[in-house]
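Residue numbers start from 1 in every chain, and the chains themselves are labelled A, B, ... in the order their sequence lines are given, proteins ahead of strands.
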Amino acid sequence: MAAYWRSMPLKNSELRLDRTLACGQSFRWKETQTGEWTGVLGGLVWTLKQTATELFFRTHPSFSVPSVKQEQAVTPEPLIHKGTLGKNFTKKEAHSSVGCVAEDLCDPVTVKSENADLAVNSSHNEDYEHSLLEDYFQLHVDLGQLYQTWAQADLNFAQTSQKFSGIRILRQDPVECLFSFICSSNNNISRITAMVNKLCSYYGKKIVEVEGIPYFSFPTVSALADDSVERTLRELGFGYRAKFISQTAQYIMTNHSENWLLSLRDMDYDKAKDLLMKLPGVGGKVADCVCLFSLDKTGAIPIDTHVWKIAARDYMPKLRQAKSLTDRLYQEIGDHFRSLWGEYAGWTHSVLFTADLRHFQETNDKGLPAKKEILKRSNKLAVEKDSKCTKKKR
DNA sequence: CCTGGACCTGC
DNA sequence: CAGGTCCAG
């Protein structure tokens, strides 16, 4: 068992799994044991954990049998193939296209003929797995350095951030990111998570079961563009978002292509945001989430009601008089933060946003949260019922 | 431009 | 109300 685990040196201050994976930028990670996080990334199921100086990781072996319905496979299955990956994979490729890296690197024909009896993870994939994590957590970005710079520019950040180190932006698959955040509108985190899981189990492909829990890949755009999707999602309780998801998927397949979203990484922020906002169900806030969490737009700042309150409370007192968050104010708040924090302002915002989440109020930098807090987290009811006492602060 | 409402569902 | 978006006036 221990043999599956590998590790890389990584300071706690550069990455805190608990804060980074549970602060609402991704809805796909679950704390399966205390301090252990399991989720899907690059077509594989991973479990991660860490100490003060090391990141431990393992993937869960799956026997990927080629799908029976290959005939309609617009996109190849996200299989990781021994021969291809071991030989050709480079760090650079991982960095440029993690969202579809498995697809890029797999010849579907080869996979089909040779993969049936091949365990997905083998020692040949070690470099690949290592690179995938570096890419996903954007480990080339020196977070400690950024924290220092931000602290110099902003006293409020300097104070708050002391107890909230290691919060970084993930580099997610844009497809997963887009459809997840379409689900987020006027909604709460637990329901968003449930909806994302439903998308995966109904329209994704099962990768492997771990401890009795099945894990699925995120569906392709093409799968979500099927005519039946809106009705099905309505029945599954998606409400009006069912239409948004269906229409957005169809819009992308009609006017662009499966991989179009990835190409937005090569555009500047304004252009990418502009194009995203043409999609049904995608306004400024969701577009900024996709820009920041999956398209490398480090200065994108999603301003939701929560961030708006932080801005009014700690940075822009004049906002206290504003009735609602108009487009103009949205732009103004973002610009204010960008000029204060600089190029990585989206990352900065994420630290303050996370620090302000009730969920994290009792954590501290000495280590993992108090035992009391862990118990609470495992029991959502307890957390939510107890919201009375800190309500006013937010 | 800005403002108010409707839109799904569930705790 | 919940980490919004869209549409009309």
Side-chain angles (χ1 to χ4, degrees), chain A residues 19-28 167 169-170 172 177-199 229-248 251 273-294 300-313 319 321-334 337 346 349-361 376 379-388 390-394:
Chain A
R19 294 172 189 151
T20 299
L21 298 179
C23 67
Q25 52 177 323
S26 167
F27 303 96
R28 293 271 273 157
I167 298 168
I169 298 297
L170 302 170
Q172 300 183 59
C177 193
L178 170 64
F179 288 99
S180 296
F181 281 96
I182 286 178
C183 294
S184 77
S185 77
N186 194 21
N187 206 348
N188 59 70
I189 293 188
S190 68
R191 187 154 81 111
I192 299 166
T193 304
M195 285 161 71
V196 171
N197 285 333
K198 280 180 190 172
L199 281 182
V229 167
E230 181 180 345
R231 186 178 50 81
T232 305
L233 294 184
R234 276 260 172 201
E235 286 165 4
L236 290 174
F238 280 60
Y240 57 82
R241 301 165 200 84
K243 180 177 283 185
F244 290 156
I245 289 168
S246 163
Q247 288 182 342
T248 284
Y251 180 96
K273 181 172 178 181
D274 198 53
L275 288 169
L276 286 170
M277 287 180 67
K278 294 186 189 306
L279 304 170
V282 180
K285 191 268 178 180
V286 170
D288 275 332
C289 287
V290 179
C291 280
L292 178 62
F293 301 144
S294 74
I301 303 180
I303 299 169
D304 53 28
T305 53
H306 198 160
V307 174
W308 185 33
K309 282 170 194 163
I310 294 174
R313 187 191 63 197
L319 294 176
Q321 277 111 245
K323 291 186 179 67
S324 64
L325 184 56
T326 63
D327 289 350
R328 201 179 69 79
L329 276 180
Y330 189 103
Q331 186 65 39
E332 206 177 313
I333 298 170
F337 283 143
H349 128 279
S350 206
V351 175
L352 295 180
F353 174 84
T354 305
D356 219 56
L357 285 177
R358 206 197 106 65
H359 186 67
F360 291 100
Q361 291 296 310
K376 271 206 248 171
N379 184 351
K380 272 185 212 158
L381 286 178
V383 171
E384 281 161 18
K385 275 186 181 168
D386 196 27
S387 62
K388 218 166 138 190
T390 46
K391 222 177 204 166
K392 282 196 172 169
K393 287 175 84 173
R394 325 166 57 179

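Among the protein residues, I303(A) comes within range of no part of the nucleic acid, since none of its heavy atoms lies under 4.0 Å from any strand. V282(A) comes within contact range of the sugar-phosphate backbone alone, with a heavy-atom separation under 4.0 Å but no base atom that close. L233(A) comes within 4.0 angstrom of no nucleic acid atom, judged by non-hydrogen atoms across all strands. Residue-level contact check: P280(A) touches the backbone only, with heavy atoms under 4.0 Å from sugar-phosphate atoms and none from bases. Residue C183(A) is classed as having no contact, given no heavy-atom separation below 4.0 Å to the nucleic acid.
Here the side chain of V286(A) is nearest to one of dT3(B), dT5(C), dC7(B), namely dT5(C). When distances run from any side-chain atom of R191(A) to the nucleotides dC8(B), dG4(C), dA2(C), the shortest one goes to dC8(B). Of the listed nucleotides (dC2(B), dA2(C), dG4(C)), dC2(B) has the atom at the smallest distance from the side chain of R328(A).
The two residues L233(A) and A242(A) come nearest to each other via the heavy atoms CB-CB, 3.6 Å. Annotation for L319(A) and A311(A): closest pair CD1-CB, 3.8 Å, computed over non-hydrogen atoms. Of all non-hydrogen atoms in Y330(A) and I303(A), the two that sit nearest each other are OH-N, 3.2 Å. For the pair R19(A) and F360(A), the tightest heavy-atom approach, listed with the atom from each and the gap, is CA-CE2, 3.6 Å. L170(A) approaches S26(A) most closely through the heavy-atom pair CD1-CB, 3.9 Å.
Following rounding to the nearest Å, L276(A) (CG) and dC6(C) (P) show an atom-to-atom distance of 12 Å. Protein atom CG of L325(A) is 14 Å distant from nucleotide atom C1' of dC1(B), rounded to whole Å. Atoms CG (L236(A)) and P (dG10(B)) sit 11 Å apart, rounded to a whole Å. Rounding to whole angstrom units, CZ of residue F238(A) and C1' of dT5(C) are separated by 17 Å. Atom CD of Q321(A) is separated from atom C1' of dT3(B) by 18 Å (rounded to the nearest Å). What separates CG of L352(A) from P of dG3(C) is a distance of 18 Å, to the nearest Å. With rounding to whole Å, E230(A) atom CD is found 13 Å from dC7(B) atom C1'. For D304(A) and dG4(C), the CG to C1' distance is 10 Å, given to the nearest whole Å.
Nearest-nucleotide mapping onto DNA chain C: of G281(A) and F353(A), the residue sitting toward the 5' end is F353(A). Place M277(A) and N187(A) on DNA chain C by their nearest nucleotides, and N187(A) ends up nearer the 5' end.
The aromatic ring centroids of H349(A) and F337(A) lie 6.0 Å or more from each other.
The stretch residues 240-248 of chain A touches DNA chain B through Y240(A), R241(A), each having a heavy atom within less than 4.0 Å of the strand.
A donor-acceptor contact shorter than 3.5 Å links the side chain of T248(A) to the backbone of P280(A).
To the nearest 0.5 angstrom, R358(A) atom CZ is 12.0 Å from H306(A) atom NE2. K278(A) contributes atom NZ, which lies 6.0 Å from atom OH of Y251(A) (distance to the nearest 0.5 angstrom).
Taking atom C1' in both dC1(B) and dC7(C), one finds a spacing of 15 Å when rounded to whole Å. Look at the P atom in both dA8(C) and dC8(B): the space between them is 15 Å, to the nearest Å. Of the P atoms belonging to dG4(B) and dC1(C), the separation is 16 Å, rounded to the nearest Å.
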Under 3.5 Å, side-chain donor or acceptor atoms of residues 177-185 of chain A against the rest of the protein: list the pairs with distances, not counting sequence neighbours.
from: S180(A); atom 1: OG; to: E176(A); atom 2: O; distance (Å): 2.6
from: S184(A); atom 1: OG; to: F181(A); atom 2: O; distance (Å): 2.7

- prompt: How does DNA chain B look in dot-bracket form if you count Watson-Crick and G-U pairs under 3.5 Å, write [ ] for pairs that cross, and put | where a base pairs with another strand?
  reply: .||||||.||.
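An OP1 or OP2 oxygen of dC8(B) is reached within less than 4.0 angstrom by a side-chain nitrogen or oxygen of R234(A). Distances shorter than 4.0 Å separate some side-chain N or O of T305(A) from OP1 or OP2 on dG4(C).
Look at K309(A) and D304(A) and you find no salt bridge, because none of the NZ, NE, NH1 or NH2 atoms lies under 4.0 Å from a carboxylate O.
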